[in-house]
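Below is one structure, written out as structure tokens; comments come after it.
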Amino acid sequence: MLSDRMQKALNGQLNAEIYSSYLYLSMNAYFKSANLDGFASWMYAQAQEELMHAMKFYDFVHQRGGRVLLSAIDTPPTDWDSPLAVFEATLQHEQKVTGFINELVEIAMEEHDHATQIFLQWFVTEQVEEEESVGSVLEQLKLLGDARQGLFMMDREMALRQAPSGSVESA
Ligand code: FEO
């Protein structure tokens, strides 16, 4: 059984993961409007991955006999100055999410909730991968500077990212 404090914190993270999906979908729309379809498809896969994260929290709360309480999702930003600005915002966002996951682990430890601690380990590892993959895109964009040609070549590479298995194919 989840403590009230743990349940509230897990529901908060469910909201944060859905917001992440919403944010990346907004970035997908931004790239679509800039005709950078490879970047757009990368963000689409990212948005789907976040929904998968959200559903892991959704299912876990139920598995533990808890109550899922859905809440309003904030409106994400819709415009950025450049692809570089998008990935700077993405890295900042992922670093914030890493902080949320770490706080959840702290709560689970304080509540002596071992099952939740084990459940959260997957997310601790996932955040290391997320920050690494976003960081490497950001580094490539920094190297490109204002080179338009390089950006279009990178757009083709970005299209190669696969959507998570079981998800709807990229739009
Ligand atoms: Fe669900 Fe990108 O963290």
Side-chain angles (χ1 to χ4, degrees), residues 2 6-32 36 38-64 66 68-78 80 83-109 113 115-142 157-171:
L2 292 169
M6 194 74 254
Q7 177 172 291
K8 194 167 172 219
L10 291 168
N11 271 305
Q13 190 60 29
L14 169 59
N15 181 288
E17 298 289 349
I18 296 176
Y19 173 77
S20 298
S21 183
Y22 219 34
L23 173 64
Y24 297 140
L25 205 54
S26 187
M27 289 171 169
N28 164 273
Y30 163 82
F31 282 125
K32 281 277 195 196
L36 289 167
F39 281 92
S41 121
W42 194 97
M43 277 300 169
Y44 191 85
Q46 185 76 5
Q48 294 208 311
E49 205 168 285
E50 297 300 348
L51 267 190
M52 188 189 83
H53 294 174
M55 292 314 291
K56 279 183 187 278
F57 281 96
Y58 185 90
D59 290 339
F60 181 71
V61 171
H62 283 144
Q63 245 183 331
R64 298 289 308 285
V68 167
L69 296 166
L70 298 178
S71 50
I73 311 296
D74 288 342
T75 305
T78 52
W80 292 267
L84 181 68
V86 174
F87 274 87
E88 279 169 346
T90 301
L91 184 59
Q92 268 177 19
H93 182 70
E94 286 302 329
Q95 287 166 341
K96 194 165 91 176
V97 172
T98 299
F100 291 161
I101 298 292
N102 290 341
E103 275 170 38
L104 281 175
V105 173
E106 296 284 325
I107 294 171
M109 284 164 72
D113 186 338
T116 301
Q117 281 181 56
I118 291 168
F119 166 73
L120 290 170
Q121 289 315 302
W122 186 89
F123 286 91
V124 171
T125 308
E126 176 70 4
Q127 282 311 119
V128 173
E129 286 171 18
E130 294 256 290
E131 284 192 35
E132 188 192 12
S133 74
V134 173
S136 87
V137 174
L138 185 56
E139 286 311 310
Q140 281 187 65
L141 282 169
K142 280 184 186 162
E157 275 174 40
M158 293 291 277
L160 301 177
R161 175 177 177 175
Q162 301 286 319
S165 59
S167 57
V168 179
E169 270 310 297
S170 167

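Hydrogens, waters and symmetry mates play no part in the numbers below; they use all other heavy atoms, side chains included. All ligand and atom numbering here is 1-based and tracks the order in the structure.
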Do side-chain atoms of T90 reach the backbone of V86 as a donor and acceptor pair under 3.5 angstrom?
-> yes

Note: OE1(E17)-atom 1 (Fe) of ligand 1-ND1(H53) angle, rounded to 10 degrees, equals 100°

In Å, rounded to the nearest 0.5 Å, how long is the span from CE of M6 to CG of N11?
-> 10.5 Å

Would a 4.5 Å heavy-atom cut-off, applied to side chains only, mark R64 and L10 as touching?
-> no

OE2 (E50) to atom 2 (Fe) of ligand 1 to OE1 (E94) angle, given to the nearest 10 degrees = 150°

Could you pull out the closest heavy-atom pair between Q7 and G66, with the gap in Å?
-> OE1-CA, 3.3 Å

Looking at E130, which of its N, O or S atoms is the nearest one to atom 2 (Fe) of ligand 1?
-> OE1

